[in-house]
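One structure is given here, and the rest of the page talks about it.
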Amino acid sequence: MKVQCLKGFRDYLPGEMLQKERMLSSVREVFEQHGYPPLMTPALEYAEVLTGKYGDEGEMLLYRFRDNGDRDVALRYDLTVPLARVLAEHGDIGMPFRRYQIAPVWRAEKPARGRFREFMQCDVDLIGVDSAAADAEMLVIGAAVMQRFGIESYRLRINHRGILTALCRLVGLEGATEADFLRILDKLDKIGEEKFRAEVAKIPGLDESGLDKVLEVVLCDQKDPAGVLDHIRSILGDDDLANEALDRMHSILEIVDAAGIASSCQIDPSIARGLSYYTGLVYETFLDELPQVGSVMSGGRYDDLVGMFSGKDLPAIGISLGIDRLFYALGELELLSGEKQPAQMLVVLFSDDLAPASFAAASRFRSAGIETLVYPKAAKVKKQLQFAQKSDIPYVAVIGVEESRAGTVQFRDMEAGLQEELSIEAVIEKVLAGHRSP
RNA sequence: GUGGGUGUAGCUCAGUUGGUUAGAGCGCCAGUUUGUGGUAUUGGAGGUCGAGGGUUCGAGCCCCUCCUCCCACCCCA
């Protein structure tokens, strides 16, 4: 037997997982602050629920098999299609519907750096409303997450599908080839103008005479968002779709400005997003200090997707956090807690006879809100202190024969190297006063 | 999916044109006379050298196949 984790899958060891869970708790808090409750759905869906939703390529990447009852099933590929299923299956769900979901999804892709076959997705969506307020709310939530993490310099780059479609019309493209053009456009700042022109020229039916105008829109170096909108309107003003998009973005800008996050937002007509199902606003988030990490938070409006099972018209907008990228970035920026383990206090187990005394003390520490570990067997005090030191446990309580008799503990502050004999109440008071506020 | 690399102890790596029982540092465990951590010191455990096959008197080293991980492209989260 080969003892090995499956290719493309991985274990998250406790040291890493503790910090990741801390991060996710912050995310959940922000979502709930904005009034979004969690949703949980099964890992497995009937295969027919998922097939045909992700294009030919997505089809190949589904983990699909027969279950023990010979049902044709598949592991979920994302969280959006299951959401659509939930909305269709539970007819009494009121609109607007909001939820967040943080859960693993599975794709049978070839693994690469930072890319696994099982990975976490973290989505917030607002269903049933098509308004500038709903659009802006997603940006507000995204900004709140960044703020909660302590990330100050980032760019929320926003665009609108209507502008992209208008750009495609400028070069005579419509329909299928639109996606090819936009994919190359999305890479513009990576590949440069020259390569962009070369790549784009390969698309059949491209009208190159419109390219200059496209680049004029996309390479706008205006800083002020309103200025960018005016600039775009001066070029695309004849296109109804573009005008509609510009009006919507104008309204959104007013709201994000009032919400105090306008300085992090930036209109960027080159943001295209990979997936084709977006119908309105789209956005991606980049960290100024770590541009190589790529987009850490992205999403957009997708009005035609969620209603597919119910046949109802269900406009939707969402934002998705790149949990793994964010986790990496927070590590690089030294914004993670850095804890190796959760205990604040180690109670030494002096001897088997004194185990009850140690457990009694530990219970009292825990009731007071101090995360407490009892050493699991009688061992030399030296060894137990070594353990505390290695594990980064800041406080140690020793209860020996004399302390047990007197109802006290030897309280040791590992970092300061100081020790004193105190009552349990006094220890609790000291620890609570001394360490991190929640 | 395509191309290129890689694989020796838990980790980072040595290992001489193929030649006896495969090494180091760090880490781990246990001591240094029994109620107190980081330093020091002594000792110890731990490797069918990624797996399988081949060449050879002899393979960690050469050849083949597979697997793993890494890098680029593709695609994306």
Side-chain angles (χ1 to χ4, degrees), chain A residues 1-11 13 15 54-61 76-80 101-123 179-180 182-184 186-187 190-191 195 199 272-277 284-285 293-300 318-329 346-351 353-354 358 375 378-405 408-421:
Chain A
M1 183 183 68
K2 188 153 73 170
V3 180
Q4 192 184 29
C5 197
L6 204 57
K7 181 187 172 81
F9 289 69
R10 56 165 301 194
D11 297 314
L13 268 18
Y54 305 106
D56 293 344
E57 193 136 339
E59 202 89 345
M60 305 296 294
L61 301 177
R76 66 173 165 235
Y77 183 86
D78 69 2
L79 301 177
T80 310
Q101 186 165 8
I102 303 175
V105 301
W106 294 269
R107 298 182 185 181
E109 275 184 290
K110 178 173 174 176
R113 179 173 189 75
R115 209 161 139 206
F116 298 93
R117 287 179 171 170
E118 176 184 62
F119 62 95
M120 207 59 112
Q121 275 199 341
C122 173
D123 291 6
D180 295 332
L182 293 179
R183 192 174 318 119
I184 300 165
D186 193 43
K187 286 193 285 192
K190 201 172 161 188
I191 62 179
K195 189 138 185 242
E199 287 285 313
R273 301 290 287 116
L275 291 170
S276 52
Y277 56 65
E284 301 208 312
T285 313
V293 172
S295 176
V296 295
M297 191 169 77
S298 58
I319 189 163
S320 180
L321 308 199
I323 289 296
D324 292 313
R325 285 181 179 186
L326 263 176
F327 185 66
Y328 168 80
L346 172 73
V347 179
V348 165
L349 204 155
F350 194 79
S351 68
D353 291 349
L354 290 169
S358 290
Y375 200 81
K380 290 182 179 174
V381 173
K382 176 188 175 104
K383 189 175 161 59
Q384 301 192 42
L385 285 178
Q386 259 172 8
F387 168 77
Q389 203 239 324
K390 260 188 323 198
S391 313
D392 274 350
I393 300 175
Y395 304 111
V396 175
V398 182
I399 303 170
V401 180
E402 287 164 29
E403 292 80 12
S404 168
R405 219 171 272 145
T408 58
V409 305
Q410 293 290 341
F411 171 66
R412 186 169 185 84
D413 181 327
M414 292 298 283
E415 200 188 343
L418 298 174
Q419 181 169 321
E420 55 188 324
E421 186 167 352

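Residue numbers begin at 1 in each chain, while the letters A, B, ... track the order of the sequences. Hydrogens, waters and symmetry mates play no part in the numbers below; they use all other heavy atoms, side chains included.
- The side chain of A:R183 contributes an N or O atom lying less than 4.0 Å from OP1 or OP2 of B:C75.
- To the nearest 0.5 angstrom, A:W106 atom CH2 is 5.5 Å from A:E118 atom CD.
- Atom CD of A:Q384 sits about 11.0 Å away from atom CD of A:Q386, to the nearest 0.5 Å.
- Side-chain atoms of A:Q389 lie closest to B:G38 of the nucleotides B:A77, B:C69, B:G38.
- Distance A:L418 CG to B:G37 C1': 13 Å, rounded to the nearest Å.
- For the C1' atom pair drawn from B:U8 and B:A24, the interatomic distance equals 13 Å after rounding to whole Å.
- Side-chain contact between A:D78 and A:Q121 is present, with heavy atoms from C-beta onward closer than 4.5 Å.
- Taking atom P in both B:G43 and B:U48, one finds a spacing of 26 Å when rounded to whole Å.
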>> Just to be sure I follow the notation: if a pair is Watson-Crick (purine N1 to pyrimidine N3 plus N6-O4 or O6-N4) or a G-U wobble (N1-O2 and O6-N3), each under 3.5 Å, what dot-bracket string does RNA chain B give, with | for pairs to another strand?
In response: (((((.(..((((.....[...)))).(((((.......))))).....(((((..]....)))))).)))))....

Identify each atom pair where a protein N or O and an N or O of nucleotides 1-4 of chain B are less than 3.5 Å apart, giving names and distance.
| from | atom 1 | to | atom 2 | distance (Å) |
| --- | --- | --- | --- | --- |
| B:U2 | O4 | A:K110 | NZ | 2.7 |

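- Within the 4.5 Å cutoff, the side chain of A:P111 has heavy atoms near those of the A:R117 side chain.
- Among the heavy atoms of the strands lying under 4.0 Å from A:F116 is at least one base atom, whether or not backbone atoms are also near.
- Atom name P, nucleotides B:C49 and B:C11: the rounded distance is 16 Å, in whole Å.
- Donor-acceptor pairing under 3.5 Å, judged by distance alone, is present between the side chain of A:R115 and the base of B:C75.
- For the pair A:L61 CG and B:C74 C1', the computed distance is 12 Å after rounding to whole Å.
- Spacing between B:C71 and B:U42 at atom P, rounded to whole Å, works out to 41 Å.
- A:D324 pairs by the salt bridge (charged side-chain N to carboxylate O under 4.0 Å, His left out) definition with A:K20, not counting sequence neighbours.
- The separation of B:U21 from B:G25, taken at their C1' atoms, amounts to 23 Å, rounded to a whole angstrom.
- Formation of a donor-acceptor pair under 3.5 Å by the A:R107 side chain with backbone atoms of A:Y77 is found in this model.
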> What string of B, S and - do you get for nucleotides 26-35 of chain B, 5' to 3', if B is base contact, S is sugar-phosphate-only contact and - is no contact with any protein heavy atom under 4.0 Å?
Replying inline: --SSSSB--B

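- Remark: the separation of the P atoms in B:A30 and B:G37 is 15 Å, to the nearest Å.
- Contacts of A:E420 classified as side-chain contact (heavy atoms from CB on, under 4.5 Å), with partners at least two apart in sequence or in another chain: A:L422, A:K430.
- Distance, A:K7 NZ to B:C70 P: 9 Å, rounded to whole Å.
- Here the C1' atom of nucleotide B:U36 and the OH atom of A:Y395 are 18 Å apart, to the nearest Å.
- Of the P atoms belonging to B:C61 and B:U2, the separation is 28 Å, rounded to the nearest Å.
- In this structure, A:L346 CG and A:R412 CZ are separated by 12.0 Å, a value rounded to the nearest 0.5 Å.
- Rounding to the nearest 0.5 Å gives a distance of 9.0 Å between CG of A:L354 and CD of A:E403.
- Here A:G417 lies in heavy-atom contact (under 4.0 Å) with a base.
- Straight-line distance from the CD atom of A:E109 to the P atom of B:C75: 12 Å, rounded to whole Å.
- Here the P atom of nucleotide B:G38 and the CZ atom of A:R412 are 10 Å apart, to the nearest Å.
- Distance check on atom C1': B:U6 versus B:C13 gives 14 Å, rounded to whole Å.
- Between A:L385 and A:R325, the one whose closest nucleotide on RNA chain B sits nearer the 5' end is A:L385.
- The nearest whole Å value for the distance from the CZ atom in A:R10 to the P atom in B:U68 is 17 Å.
- Listed by chain and residue number, A:R115 satisfy the salt bridge (charged side-chain N to carboxylate O under 4.0 Å, His left out) test with A:E109 (two or more places apart in sequence, or in another chain).
- The side chain to side chain contact (heavy atoms under 4.5 Å, CB included) with A:S358 is formed by just one residue from the set A:V348, A:V409, A:V347; it is A:V347.
- With rounding to the nearest 0.5 Å, the separation of CG in A:D413 from CD in A:Q419 is 10.5 Å.
- Considering CZ of A:F387 and CD1 of A:I393, their distance stands at 4.5 Å, rounded to 0.5 Å.
- One atom, CD1 of A:I184, and another, C1' of B:C75, lie 14 Å apart when rounded to the nearest Å.
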